[in-house]
Undergrad: 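One structure is given below, represented as structure tokens, and several questions about it will come after.
Predicted, not measured: the structure shown is a model, and the values here were computed from it.
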Amino acid sequence: MHLAVRPRPDGVILPDYAFPDAICVPWSDFTIRATLEALAGEISRQAGVVLICRDPDAARRFVAGQARPEHFGIVTGGFDSPWLRDHAPVALRAEGRLRYVRPLRHGTPRENDGRLFETVFPAAERITPLNLAAGNLVTGSGGLAVSTDGILEENGLEDPGPLLPMARMLGIHDWLIVPGFPDDLSRHSDCMLRFLGPDLAAICLRDDDPEARRASDACRDGLRKLRPEIRLLDLPAAAGPGGFNSPLNWIQLGQTLLLPDFGVEDPLARTRTARLRAAGFDGLSIPCATSGLGGALHCLTASVFAS
């Protein structure tokens with residue numbers, strides 16, 4: 001499904017590949033704390049890190065042991081989980097400046113996560129009129145956005161027409177709605193597709209399940225029809241013993257990709273690495289202890305753009 005939006009002069013949504021000024025990383029006594037610490041350390045080598053914590057003294061001790069402590073900032077606040085992305089504001093550029101829109105997460109039990117971003121992004125006063133998980137909004141150049149049909153289900157919709165006011169608010173010009181992977185717990189588009197540049201997109205190619213393959217094909221075919229100038233990079237993946245864990249749920253910092261390593265043998269990893277390298281990207285593996293939880297590095301973080 002495709003929702004075409006008449007462009008408005010009040011902004012355009014930032015693309016997936018825009019280099020962030022900082023990335024929010026949660027830090028607390030989670031079972032995946034080692035993953036979060038490794039991720040924060042690697043991000044800080046190239047960008048800022050906003051460490052969100054409940055214990056600022058302990059966080060300061062962690063930061064003091066990092067290679068680039070000057071790249072860290074600490075925010076103290078309550079939160080319900082390490083999965084920051086879904087509640088994180090969406091950035092758009094309007095009239096030469098940045099604006100943020102917070103996603104409505106009505107009916108979710110993670111109230112503290114929503115309130116957290118009122119503190120981190122106090123200027124983000126506008127809230128979407130319908131439910132939106134920011135992890136289910138992958139964006140390319142020129143106001144292009146891709147979501148799975150989970151956004152329709154979450155809002156009780158049968159067609160994308162009622163999303164039009166929200167699309168205008170977010171600076172979306174073309175919104176592609178595709179089926180999600182059936183074995184992905186989140187069923188979000190950031191596990192299926194990632195834009196790497198204005199003319200390049202990586203697609204998670206699934207041949208291990210017929211329904212998952214149809215979802216991959218729908219994503220590819222929809223993009224080819226909407227933006228034939230975009231080169232599509234097929235990255236093969238398959239579900240493992242614990243279900244599907246997306247290798248595309250990465251963090252992009254320019255030409256560097258922080259890739260989730262789920263700690264299991266993946267015979268397709270070498271092919272993905274070679275194709276990304278041929279496209280000009282270096283992959284750095286981050287041990288990711290989120291297998292079976294329905295997300296990885298991108299889902300655990302939130303991007304901050306200051307300029």
Undergrad: At their closest point, which heavy atom of F72 faces which heavy atom of A40, and how far apart are they?
TA: CZ-O, 3.8 Å
Undergrad: Does R214 come within less than 4.0 Å of D217, counting only side-chain N to carboxylate O?
TA: no
Undergrad: Please assess R45 against Q66 for the test side chain to side chain contact (heavy atoms under 4.5 Å, CB included), listing each intermediate value before the final yes or no.
TA: CA-CA 10 Å; R45 297 179 187 275; Q66 297 304 300; over 6 Å; no
Undergrad: Please report the shortest heavy-atom distance between G96 and R93, naming the atom on each side.
TA: O-NH1, 4.0 Å
Undergrad: Without swapping roles, check the side chain of N249 against the backbone of H298 for a donor-acceptor pair under 3.5 Å.
TA: yes
Undergrad: Do L84 and I251 belong together in a cluster built from hydrophobic side chains that touch within less than 4.5 Å?
TA: yes
Undergrad: With a 4.5 Å heavy-atom cut-off, do L116 and H87 have their side chains touching?
TA: no
Undergrad: Would you say the side-chain atoms of R54 and S28 include a donor-acceptor pair closer than 3.5 Å?
TA: yes
Undergrad: Going from OG on S303 to CG on L253, what distance comes out if it is rounded to the nearest 0.5 angstrom?
TA: 8.5 Å
Undergrad: Is there a path from L132 to L104 through hydrophobic residues (I, L, V, M, F, W, Y) whose side chains come within less than 4.5 Å of each other?
TA: no
Undergrad: If you round to the nearest 0.5 Å, how far is CZ of F19 from OG1 of T256?
TA: 7.5 Å
Undergrad: Out of curiosity, L170 CG to L14 CG, how far, rounded to the nearest 0.5 Å?
TA: 11.5 Å
Undergrad: Any chance CD of E229 has more than 12 other-residue heavy atoms, nucleotides or ligands included, within less than 6.0 Å?
TA: yes
Undergrad: Between D57 and R61, is a side chain to side chain contact (heavy atoms under 4.5 Å, CB included) present by the stated rule, with each step listed?
TA: CA-CA 6 Å; D57 291 334; R61 290 192 292 270; 4.0 Å; yes
Undergrad: State plainly whether the residues R85 and D190 are in salt-bridge range, i.e. N to O under 4.0 Å.
TA: no
Undergrad: Would you check, one step at a time, whether the test side chain to side chain contact (heavy atoms under 4.5 Å, CB included) holds for L164 with V5?
TA: CA-CA 7 Å; L164 188 60; V5 186; 3.9 Å; yes
Undergrad: Can you check side chain to side chain contact (heavy atoms under 4.5 Å, CB included) on V63 and V49, steps first, answer last?
TA: CA-CA 10 Å; V63 169; V49 174; over 6 Å; no
Undergrad: Within the structure provided, determine whether F281 and L233 are in side-chain contact (heavy-atom separation under 4.5 Å).
TA: no
Undergrad: With C288, which of L293, L39, L297 fulfils side-chain contact (heavy atoms from CB on, under 4.5 Å)?
TA: L297
Undergrad: Please examine the side chains of V12 and L92, heavy atoms only from C-beta on, and report whether any two atoms are closer than 4.5 Å.
TA: no
Undergrad: Look only at the side chain of T139 and the backbone of D16, and say whether a donor-acceptor pair between them is shorter than 3.5 Å.
TA: yes
Undergrad: With salt bridge (Lys or Arg N to Asp or Glu O under 4.0 Å) as the test, would you mind laying out the steps for R187 and D184 before giving the verdict?
TA: CA-CA 5 Å; R187 292 188 69 241; D184 172 25; over 6 Å; no
Undergrad: From the options V178, L176, I177, L152, select the one residue that forms a side-chain contact (heavy atoms from CB on, under 4.5 Å) with S147.
TA: I177
Undergrad: Do the side chains of S81 and F30 get nearer than 4.5 Å, heavy atoms only?
TA: no
Undergrad: Looking at OG1 of T301 and CH2 of W83, how far apart are the two atoms once the value is rounded to the nearest 0.5 Å?
TA: 10.5 Å
Undergrad: Over all heavy atoms of both residues, which pair between Q255 and G280 is shortest? Give the atoms and the distance, please.
TA: NE2-O, 2.9 Å
Undergrad: Please find the pair of heavy atoms, one from P82 and one from P26, that lie closest to each other, and give the distance.
TA: O-CG, 3.4 Å
Undergrad: Can you tell me how far the NE2 atom of H173 sits from the CZ atom of R168, to the nearest 0.5 Å?
TA: 10.5 Å
Undergrad: How about C191 and L248: do any of their side-chain heavy atoms sit closer than 4.5 Å?
TA: no
Undergrad: When you measure from the side chain of T35 to the backbone N and O of A289, does any donor-acceptor pair fall under 3.5 Å?
TA: yes
Undergrad: Is the shortest side-chain N to carboxylate O distance from R275 to D234 below 4.0 Å?
TA: no
Undergrad: Where do R227 and D199 land on the salt bridge (Lys or Arg N to Asp or Glu O under 4.0 Å) test, with the steps shown first?
TA: CA-CA 9 Å; R227 301 286 176 90; D199 56 359; over 6 Å; no
Undergrad: Could you tell me whether E70 atom CD has more than 12 heavy atoms of other residues or ligands within 6.0 Å of it?
TA: yes
Undergrad: When the side chains of residues 203-210 are checked against the rest of the protein, which donor-acceptor pairs come out under 3.5 Å, sequence neighbours left out?
TA:
residue, atom, partner, partner atom, Å
R206, NE, D208, OD1, 2.7
R206, NH1, D183, OD1, 3.2
R206, NH2, D183, OD1, 3.4
R206, NH2, D183, OD2, 2.7
R206, NH2, D208, OD1, 3.4
R206, NH2, D208, OD2, 3.0
D207, OD1, R213, NH1, 2.2
D207, OD2, R213, NH1, 3.2
D208, OD2, A239, N, 2.9
D209, OD2, E211, N, 3.0
D209, OD2, A212, N, 2.8

Undergrad: If you define the side chain from C-beta out and look only at heavy atoms, does anything of L196 sit under 4.5 Å from L276?
TA: yes
Undergrad: Please find the pair of heavy atoms, one from L163 and one from L157, that lie closest to each other, and give the distance.
TA: CD2-CD1, 3.9 Å
Undergrad: So F62 and W27, would you call those rings parallel, tilted or perpendicular, with 30° and 60° as cut-offs?
TA: parallel
Undergrad: Under the 3.5 angstrom rule, does the side chain of Y100 hit a backbone N or O of A88 as a donor-acceptor pair?
TA: no
Undergrad: Do L200 and L144 share a hydrophobic cluster (ILVMFWY, side-chain heavy atoms under 4.5 Å, transitive)?
TA: no
Undergrad: Look up atom OG in S285 and atom CG in L259, then write down how far apart they are to the nearest 0.5 Å.
TA: 5.5 Å
Undergrad: Measure the shortest side-chain to side-chain distance between F305 and D21 over non-hydrogen atoms and say whether it is less than 4.5 angstrom.
TA: yes
Undergrad: Given the rule that I, L, V, M, F, W and Y join up when any side-chain heavy atoms are under 4.5 Å apart, are V75 and L300 in one cluster?
TA: yes
Undergrad: Which heavy atom of L193 sits nearest to which heavy atom of V146, and what is that distance?
TA: CD2-CG2, 3.5 Å
Undergrad: Is V50 reachable from I286 through a run of I, L, V, M, F, W or Y residues, each pair having side-chain heavy atoms under 4.5 Å apart?
TA: yes
Undergrad: Within the 4.5 Å heavy-atom criterion, are R99 and R126 side-chain neighbours or not?
TA: yes
Undergrad: Short question: side chain of N245, backbone of G292 - any donor-acceptor pair under 3.5 Å?
TA: yes
